[in-house]
Amino acid sequence: MIESVAVVVPAHDEEELLPACLTALRLASEPLDPVPVRLVVVADACADATAGLARRAGADVVEIKARNVGAARASGFSAVLSGIRPADLATMWLASTDADTLVAPDWLLRQVRLAQQGWDAVVGTVMVSDWSAHPAHVRELFTASYRPGPGPHPHVHGANLGMTADAYLAAGGFRELRTAEDHALVASLAAAGRRILRTSDVTVATSARRQARAPHGFSHLLATLA
């Protein structure tokens, strides 16, 4: 039984998109009441109002200067797990998303229900709601190559991950990688023998912006298609 939930959002100069992300996360927290949901924004090397906006929105803020998404996610989860009793790790759900991403109102509820079915980790998919920054062929190429379809899928996105706290620690947590930190964590979860569900039923809407925050991340993928 999941008794607490935490969501970590890494952010580097995200004052424009972060408020909508946090609003969506607040809405996704409501169906879990009375289970407490903690939102943590990791403001990484920010030169804008990201940290202040996050605090005003009610999120806890961790400030670092790593300019490294793996370090940011790791710092956020370290803050969440600080002081947690070992006995509580199996009943705590950790979720990860991105500041340029909008989660669905049932995003957390779906993950918690899957955890209650015995899954240690949930790996979801992404969709893009606004393709206006790219020529039409990019959307066509992405759709043709992505094809999440029914059943297990091959994709991993830091914008759409969830796992129990004990599974996260058993896998060694996020590594301080500038890119592919999400892939590394899922591989470590598998190596630790954890039950991982790759499902297209848990999806998020992420941006198709051209300015990448992480090298070789989702924006880089779209750039290569362009």
Side-chain angles (χ1 to χ4, degrees), residues 1-11 14 17-18 20-42 54 57-62 69-70 72-82 84 88-127 153 155-171 173-174 181-186 188-189 194-206 218:
M1 179 67 69
I2 297 301
E3 298 177 357
S4 64
V5 174
V7 185
V8 170
V9 184
E14 293 283 11
L17 298 178
L18 182 62
C21 168
L22 293 178
T23 296
L25 286 171
R26 287 294 181 196
L27 291 174
S29 301
E30 293 176 359
L32 295 185
D33 186 59
V35 174
V37 178
R38 181 182 178 187
L39 303 183
V40 177
V41 172
V42 182
D60 294 332
V61 176
V62 176
V69 67
R73 294 195 205 277
S75 296
F77 285 122
S78 291
V80 167
L81 295 172
S82 176
I84 299 296
D88 295 331
L89 295 174
T91 62
M92 184 178 206
W93 188 256
L94 305 177
S96 170
T97 191
D98 287 338
D100 66 336
T101 298
L102 301 178
V103 306
D106 63 351
W107 183 64
L108 288 173
L109 181 62
R110 284 177 178 265
Q111 293 184 53
V112 167
R113 285 176 173 172
L114 291 168
Q116 291 169 346
Q117 294 173 18
W119 295 102
D120 297 314
V122 175
V123 182
T125 55
V126 302
M127 63 178 181
H153 61 81
H155 310 295
V156 178
H157 303 282
N160 195 1
L161 283 177
M163 69 223 79
T164 60
D166 61 341
Y168 176 78
L169 291 175
F174 278 109
E181 80 294 341
D182 43 8
H183 289 265
L185 177 61
V186 172
S188 295
L189 286 165
R194 295 295 174 154
R195 294 190 67 209
I196 303 170
L197 177 65
R198 294 173 176 265
T199 176
S200 302
D201 291 335
V202 180
T203 190
V204 298
T206 196
F218 190 68

What I'd like to find out is whether the side chain of [X] reaches to under 4.5 Å of the side chain of [Y], using heavy atoms alone.
{"X": "Val41", "Y": "Leu18", "value": "yes"}
{"X": "Leu89", "Y": "Leu169", "value": "yes"}
{"X": "Ser4", "Y": "Thr91", "value": "no"}
{"X": "Leu81", "Y": "Tyr168", "value": "yes"}
{"X": "Ser96", "Y": "Phe77", "value": "yes"}
{"X": "Leu114", "Y": "Val202", "value": "yes"}
{"X": "Val35", "Y": "Val5", "value": "yes"}
{"X": "Val186", "Y": "Asp182", "value": "no"}

Rounded to the nearest 0.5 Å, how far does [atom2] of [Y] lie from [atom1] of [X]?
{"X": "Asp100", "Y": "Leu17", "atom1": "CG", "atom2": "CG", "result": "6.0 Å"}
{"X": "Leu102", "Y": "Met127", "atom1": "CG", "atom2": "CE", "result": "8.5 Å"}
{"X": "Gln116", "Y": "Gln111", "atom1": "CD", "atom2": "CD", "result": "12.0 Å"}
{"X": "Glu30", "Y": "Leu32", "atom1": "CD", "atom2": "CG", "result": "10.0 Å"}
{"X": "Asp120", "Y": "Met163", "atom1": "CG", "atom2": "CE", "result": "11.0 Å"}
{"X": "Arg113", "Y": "Ile2", "atom1": "CZ", "atom2": "CD1", "result": "13.5 Å"}

Which heavy-atom pair separates [X] from [Y] by the least distance, and what is that distance?
{"X": "Ile84", "Y": "Val80", "answer": "CG1-O, 3.4 Å"}
{"X": "Ala11", "Y": "Ala99", "answer": "CB-CB, 4.2 Å"}
{"X": "Ala170", "Y": "Arg194", "answer": "CB-NH2, 3.5 Å"}
{"X": "Met92", "Y": "Ala6", "answer": "CE-CB, 4.4 Å"}
{"X": "Gly173", "Y": "Leu185", "answer": "O-CD1, 3.6 Å"}
{"X": "Ala115", "Y": "Trp93", "answer": "CB-CZ3, 3.4 Å"}

> Would you call Asp98-Arg73 a salt bridge at under 4.0 Å N-O?
Replying inline: yes

>> Set out, in order, the CA-CA distance, both residues' side-chain angles and the distance that settles side-chain contact (heavy atoms from CB on, under 4.5 Å) for Trp119 and Thr199, then state yes or no.
In response: CA-CA 12 Å; Trp119 295 102; Thr199 176; over 6 Å; no

>> Could you go through Trp107 and Val112, starting from their C-alpha distance and side-chain angles, then the distance that decides it, and tell me whether this counts as side-chain contact (heavy atoms from CB on, under 4.5 Å)?
In response: CA-CA 9 Å; Trp107 183 64; Val112 167; over 6 Å; no

Test item: [X] side-chain N/O and [Y] main-chain N/O as donor-acceptor pair under 3.5 Å:
{"X": "Thr203", "Y": "Thr125", "result": "yes"}
{"X": "Arg195", "Y": "Ala121", "result": "no"}
{"X": "Thr101", "Y": "Thr97", "result": "no"}
{"X": "Ser188", "Y": "Ala184", "result": "yes"}
{"X": "His157", "Y": "Ala159", "result": "no"}

>> Which residue is it: Val103, Asn160, Val126? I am looking for the one with a side chain to side chain contact (heavy atoms under 4.5 Å, CB included) to Thr206.
In response: Val126

> Under the salt bridge (Lys or Arg N to Asp or Glu O under 4.0 Å) test, which residues partner Arg110, sequence neighbours left out?
Replying inline: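 Applying salt bridge (Lys or Arg N to Asp or Glu O under 4.0 Å) to Arg110 gives Asp106.
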
> Please walk me through it: do Val40 and Val9 pass side-chain contact (heavy atoms from CB on, under 4.5 Å)?
Replying inline: CA-CA 6 Å; Val40 177; Val9 184; over 6 Å; no

